[in-house]
*Asks:* 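My questions will all concern the structure given below.
Chain identifiers are assigned alphabetically (A, B, ...) following the order of the sequence lines, protein sequences preceding nucleic acid strands; residue numbering begins at 1 within each chain.
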2 protein chains.
Amino acid sequence: MRIDEVSEKSGLTPDTIRFYEKSDMLPAIARDQRGWRQFAPDDLEWLIVLARLRATGMPLKAVREFAASAQSAESETSTEQRKRLDLLRSHAETLSQRRAELEACEDYLNFKISTYTSKLGL
Amino acid sequence: MRIDEVSEKSGLTPDTIRFYEKSDMLPAIARDQRGWRQFAPDDLEWLIVLARLRATGMPLKAVREFAASAQSAESETSTEQRKRLDLLRSHAETLSQRRAELEACEDYLNFKISTYTSKLGL
DNA sequence: CTAGCGACTTGGAGTAACTCTAGGTCAAGT
DNA sequence: ACTTGACCTAGAGTTACTCCAAGTCGCTAG
């Protein structure tokens, strides 16, 4: 697959994908004779994982650690798997706090909207 | 109130508050004889509004428009109120899309965690 | 009376995570 | 032969803070 295709399938822009490659978050991506990136199906899967982690607000620093663990030679040892599990778990926790906050703000926003609506007699 | 106090009560850091003042998002803040900012209760209220809008991801550009409308001489005309209502409404819509996305990603994250957990026999 | 403390002040540099631009390559179509 | 279109790179720009250095002011303790 070429970069545009994985971009569409992962939801990340081509620029972001190139940026992730430069930042050591992707495994080595093959190139064709023109120098274009040739993404394997696994590469796309990996980009989708990264996109989800980022979409939930995991900082790139943590994503990079996760990537480093997944791409290390010992990636399938239980030590490394445990490391990744811990990363995900701690992220899940901040995420659920974040969501509670977000919901409170959303309620407040809807309240504001309803006061404006009634003030304007709509 | 001094900056530390409004910082604590609004949840914004002093630096962020100063940054918002510089970016024309606050009304004129009084100064005492030392040159320190003296926040009125209304100023704090306004900071709390801004904090909530930002916490829900409204871009500063939109927050600035909202602030400009609220601080203009015509702020209480129905045209200006309508403008603010429209801003809040369109933000509420992007917010609810964003939340759906976030929930899908959170589900995925929990799924990932459970596969790691069972792989490690925990 | 002066020395130090602590909470502020400023301008400006630094950071995170993209995002965009300029300038370039290369194979394929007209 | 030339243009098109999808890619390439390095590097500058953007957003929304966040941190830092250097300075000021009023207060207290010696």
*Asks:* Grab the N/O contacts between the protein and nucleotides 7-12 of chain C below 3.5 Å, and write none if there aren't any.
*Replies:*
{"unit_1": "C/dC8", "atom_1": "OP1", "unit_2": "B/Arg2", "atom_2": "NE", "d": "3.3"}
{"unit_1": "C/dC8", "atom_1": "OP2", "unit_2": "B/Asp4", "atom_2": "OD1", "d": "2.9"}
{"unit_1": "C/dC8", "atom_1": "OP2", "unit_2": "B/Asp4", "atom_2": "OD2", "d": "2.7"}
{"unit_1": "C/dT9", "atom_1": "OP1", "unit_2": "B/Arg37", "atom_2": "N", "d": "2.9"}
{"unit_1": "C/dT9", "atom_1": "OP1", "unit_2": "B/Arg37", "atom_2": "NH1", "d": "2.7"}
{"unit_1": "C/dT9", "atom_1": "OP2", "unit_2": "B/Arg18", "atom_2": "NH1", "d": "2.5"}
{"unit_1": "C/dT9", "atom_1": "OP2", "unit_2": "B/Arg37", "atom_2": "NH1", "d": "3.2"}
{"unit_1": "C/dT9", "atom_1": "O5'", "unit_2": "B/Arg37", "atom_2": "NH1", "d": "3.4"}
{"unit_1": "C/dT10", "atom_1": "OP1", "unit_2": "B/Arg31", "atom_2": "NH2", "d": "3.2"}
{"unit_1": "C/dT10", "atom_1": "OP2", "unit_2": "B/Arg37", "atom_2": "NH1", "d": "3.3"}
{"unit_1": "C/dT10", "atom_1": "OP2", "unit_2": "B/Arg37", "atom_2": "NH2", "d": "2.8"}

*Asks:* Please report the closest heavy-atom contact between B/Thr56 and A/Glu106, naming both atoms and the distance.
*Replies:*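 For B/Thr56 and A/Glu106, the tightest heavy-atom pair comes out as CG2-N, 4.1 Å.
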*Asks:* Please determine whether the number of non-hydrogen atoms from other residues, nucleotides or ligands lying under 6.0 Å from atom CD of A/Gln97 exceeds 12.
*Replies:* yes
*Asks:* Taking the cut-offs as 6.0 angstrom to the six-membered ring centre and 45 degrees off its axis, would you call B/Lys22 and B/Phe19 a cation-pi pair?
*Replies:* no
*Asks:* Report the distance from atom CG of B/Asp32 to atom C1' of D/dG26, rounded to the nearest whole Å.
*Replies:* 10 Å
*Asks:* To the nearest angstrom, how far is A/Arg54 atom CZ from C/dC18 atom C1'?
*Replies:* 9 Å
*Asks:* Which part of the nucleic acid, if any, lies within reach of A/Pro59 when heavy atoms closer than 4.0 Å are counted: base, sugar-phosphate only, or nothing?
*Replies:*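 Counting heavy atoms under 4.0 Å across all strands, the contact made by A/Pro59 is with sugar-phosphate only.
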*Asks:* To the nearest 0.5 angstrom, please state how far the NZ atom of A/Lys61 sits from the CD atom of A/Glu65.
*Replies:*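 Reported to 0.5 Å precision, the distance equals 7.0 Å.
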*Asks:* Rounded to the nearest angstrom, tell me the gap between atom CZ in A/Arg64 and atom P in C/dT15.
*Replies:*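 Going from CZ in A/Arg64 over to P in C/dT15 covers 13 Å.
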*Asks:* Please step through side chain to side chain contact (heavy atoms under 4.5 Å, CB included) for the pair A/Leu120 and B/Arg82, ending with a clear verdict.
*Replies:* CA-CA 8 Å; A/Leu120 289 164; B/Arg82 184 65 209 241; 4.2 Å; yes
*Asks:* Provide, to the nearest angstrom, the distance between the CG atom belonging to A/Leu53 and the P atom belonging to C/dC18.
*Replies:*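 Result: 12 Å.
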*Asks:* Roughly how many Å is it from CG in B/Leu12 to C1' in D/dC19, rounded to a whole number?
*Replies:* 17 Å
*Asks:* Report, as yes or no, whether the 6.0 Å neighbourhood of atom CD on B/Gln33 holds more than 12 heavy atoms from other residues, nucleotides or ligands.
*Replies:* yes
*Asks:* For A/Gln33 and for A/Tyr20, find the nucleotide of DNA chain C with the closest heavy atom, then tell me which residue's nucleotide is more 5'.
*Replies:* A/Tyr20
*Asks:* Just how far, in rounded Å, is P of D/dT15 from CE of B/Met25?
*Replies:*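 That distance rounds to 13 Å.
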*Asks:* Between C1' on D/dT15 and CG on B/Asp24, what's the gap in Å once rounded to a whole number?
*Replies:*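 B/Asp24 atom CG is separated from D/dT15 atom C1' by 16 Å.
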*Asks:* Atom CZ of B/Phe19 and atom P of C/dG14: how far apart are they, to the nearest Å?
*Replies:* 18 Å
